[in-house]
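Note that these values count all heavy atoms, side chains included, but never hydrogens, waters or copies made by symmetry. Numbered from 1 within each chain, the chains take letters A, B, ... in sequence-line order.
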Amino acid sequence: MSNVSQNRAAPRALGHWLLKSEPDEFSIDALAQCEVEPWSGVRNYQARNFMRDDMRAGDRVLFYHSSCAQPSIVGLARVASGAVPDRSQFDPQSEYFDPSSRPELPRWLQIDIAFERKLRQPISLTVLRQYAEPLQGLALLNRGNRLSVMPVSREHFRLILTLEPK
DNA sequence: GCCAACGTTGGC
DNA sequence: GCCAACGTTGGC
């Protein structure tokens, strides 16, 4: 036992994420109105695992508009709570109802996200692609990427924020 | 465990 | 609206 720090809980580094939302479904303006929003309806195992294993209150979030005229990062948010069971999976009236999920072992989880601010100007996917080299490894830029919840490195997060006009 | 079929995502 | 890419399902 030469390393004393082994016995201490290592402080966890702040996490950075990108969340996609279709503005017709839930826009950054809608988030600004709600202030805090339960991020429910995620039905993808990889995205769920990020929420379950890695997303913690306080983590920073890039809010992205997808499936629209100008797919863009449009705002900033924070993770407001860690993962809890997503109730919509048990609601037969919900479009996210999952009849094969058992209450004693919920399959799907949700987190809360809190509005931080809108960007002064959206940072479009087109612009992001112009920085493909420094943004190498950013999942959003991967071909055929469909993840709605994805990690962003701290370096990429900071670089992206520098693309916002003053 | 393989893989074809199918449904969905999402940029264009 | 098109279609590439991907995840899921289910037959075998």
Please report the closest heavy-atom contact between R52(A) and R56(A), naming both atoms and the distance. O-NH1, 3.7 Å

Sequence neighbours left out, what passes side chain to side chain donor-acceptor pair (under 3.5 Å) with D54(A)? Give chain and number order. none

Which residues in residues 133-145 of chain A have at least one heavy atom lying under 4.0 Å from any atom of DNA chain C? R143(A), G144(A)

Report the relative orientation of the aromatic rings in Y45(A) and W108(A); use parallel for angles under 30°, tilted for 30 to 60°, perpendicular for over 60°. tilted

Does either side chain, that of S94(A) or that of R87(A), offer a donor lying less than 3.5 Å from an acceptor on the other one? no

Got a salt bridge between D86(A) and R48(A), using NZ or NE/NH1/NH2 to carboxylate O under 4.0 Å? no

Short N-O contact, D98(A) and R43(A), less than 4.0 angstrom: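 No, this pair does not count.
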
Reading DNA chain B 5' to 3', which nucleotide is the first, and which the last, to come under 4.0 Å of any heavy atom in chain A? dG7(B) to dC12(B)

For the side-chain contact (heavy atoms from CB on, under 4.5 Å) test, which of S27(A), P71(A), S124(A) pairs with H65(A)? S27(A)

